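Let me begin by presenting the structure, written as structure tokens, before commenting on it.
Letters A, B, ... are given to chains in the order of the sequence lines, protein chains preceding strands, and every chain is numbered from 1. Bear in mind the structure is a predicted one, so any value in this text is a computation, not a measurement. These values consider heavy atoms only, across backbone and side chains, with no hydrogens, waters or symmetry-generated copies.
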There are 2 protein chains.
Amino acid sequence: MSKCEQCIIRQFNSLKALTREELVRISGCKTSRSIKKGEVIFEEGDAVNGVFCVKDGVCKLSKLSSNGKDHIVKLVVKGDLLGQRSLVGEESANLSAVALNDMEVCFIPKSEIMQDLQKNPKFTLDMLQQMAHDLKESDNVIVDMAQKSVKNRLADVLIYLNDNFGVDDDGFLAINLSREDYANVVGTATESAIRILSQFKKDGFISTQGKQIKIENLHKLKLIE
Amino acid sequence: MSKCEQCIIRQFNSLKALTREELVRISGCKTSRSIKKGEVIFEEGDAVNGVFCVKDGVCKLSKLSSNGKDHIVKLVVKGDLLGQRSLVGEESANLSAVALNDMEVCFIPKSEIMQDLQKNPKFTLDMLQQMAHDLKESDNVIVDMAQKSVKNRLADVLIYLNDNFGVDDDGFLAINLSREDYANVVGTATESAIRILSQFKKDGFISTQGKQIKIENLHKLKLIE
DNA sequence: ATCAAAACATGACAAATATCATATTATAAT
DNA sequence: ATTATAATATGATATTTGTCATGTTTTGAT
């Protein structure tokens, strides 16, 4: 099993603020885990007593809404920490986490990392900054959800995926979401998402092959209102 | 000018985690300020170099959306801190703050409070917990925005105002928002908000007098989908 | 390779919401 | 008290989005 103090992934999250000694201790109690595509990592209401450091793969964080639909709030990627909020307070998970492809993660028990939160102000401050950033992003998402059209939001998601995941050798988005997932990210009916994607195709903004999507005209996608 | 160490308001926010010495120092550099209804406290893009501790009154935090409408993200009330996020990172304000009624606030310069953030882990941890809580709430709002109908969201706002601000002697909501503000909270056109409130009135869920609103049937409001 | 299940696609229609026009009422300044 | 201004209200209509039905394609298990 690889050691935290040698792991390059931690540079991308708050764990970078830990000292070498702290990392050695964390390394001793962490557990590595492979997660298969589609597997549930935790569900709303679960007690998540620790954080996952994502070494590879992507998972979706979603919440069941009162109308019975699952809404995808966030995608968690390589380098991210998953379940930070379990560290503060005793509340159970507010969101469910499901792997979108095969993942490699490390799990660090809450009890261990709480010691660092209480003793290493640099670490706590880094998490604070991370959360402040997330909060700002959340506000932006709220405004977009409230004010933009479904078509606009769907275009935004395609742009986001292109910017953050890039494309494969054939030019298709490197991450594949189902049409239902797209609908659950923008908050619309699956049929509506499919319909709008079809329209984008007719307009020449994208092309598709099965569930794969290739952006053909990023500029025009950005102009959609 | 009153002293922080004697101020009861701080019990409601993260400042309660400061030591007596820290409070004395903060007290020496803070400035009290009265803000008139409608006054702009700060705007999107402003450099807010400190936090406001709200002693009295209410203000709205809003963001201009790409379609030109102002979206109200949050109401900040007595006891809350305003502008926490200015403390972490150097970014300018993401939201605008406008007083909804006359306010009394104290302003604490960033330079002073940063010392405490770096030295008092209890204070930092308290802010972290506060932000974690806000983040959870934000996720819930995102899901509601994405999945609930405008009518449902408007009913939710009325219930929220009733729960958090109570009613005056005549039974009207103790806080008065304009119809435009209601629209900007739920993310709809002003006419739509007015229309739905009219419908609520016809249905006997609420009654109105000018801009004042009285909830007549909280139970039925809660059943709206 | 075959088949069943899931995912994708599209039409027809219904419901929700936005927009524009125009009254009416309340509010604040003189 | 009067009046200009802003806020509230409502009708008519257009647009957006959701729902239900149904067919097609893709995918994965055998």
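Using a 4.0 Å cut-off between charged side-chain N and carboxylate O, B:Asp139 and A:Arg85 make a salt bridge. By the 4.0 Å N-to-carboxylate-O rule, A:Glu43 lies too far from A:Lys63 to be salt-bridged with it. In summary, A:Lys148 and A:Asp156 engage in a salt bridge, as defined by a charged side-chain N under 4.0 Å from a carboxylate O. Taking a cutoff of 4.0 Å between a charged side-chain nitrogen and a carboxylate oxygen, A:Glu90 and A:Lys110 qualify as a salt bridge.
Taking 4.0 angstrom as the limit, A:Lys69 places a side-chain polar atom (N or O) nearer than this to OP1 or OP2 of D:dT19. The phosphate of C:dA18 (OP1 or OP2) has a side-chain N or O of B:Ser192 nearer than 4.0 angstrom. Within the 4.0 Å cut-off from OP1 or OP2 of D:dA7, not a single side-chain nitrogen or oxygen of B:Thr190 is found. Phosphate contact (OP1/OP2 of C:dA18, side-chain N/O of B:Thr188, threshold under 4.0 Å): present. Between B:Lys211 and D:dA6 there is no side-chain polar atom (N or O) within less than 4.0 angstrom of OP1 or OP2.
If you take CD of B:Glu180 and P of C:dA18, they are 14 Å apart, rounded to a whole angstrom. A straight line from CZ of B:Arg195 to P of C:dT17 spans 12 Å, rounded to a whole angstrom. Put simply, CD on B:Gln212 is 18 Å from P on C:dT25, counting in whole angstrom units. One can place CD1 of B:Ile194 at 17 Å from P of C:dA21, the figure rounded to the nearest angstrom. For the pair A:Arg179 CZ and D:dT27 P, the interatomic distance rounds to 11 Å; values are reported in whole Å.
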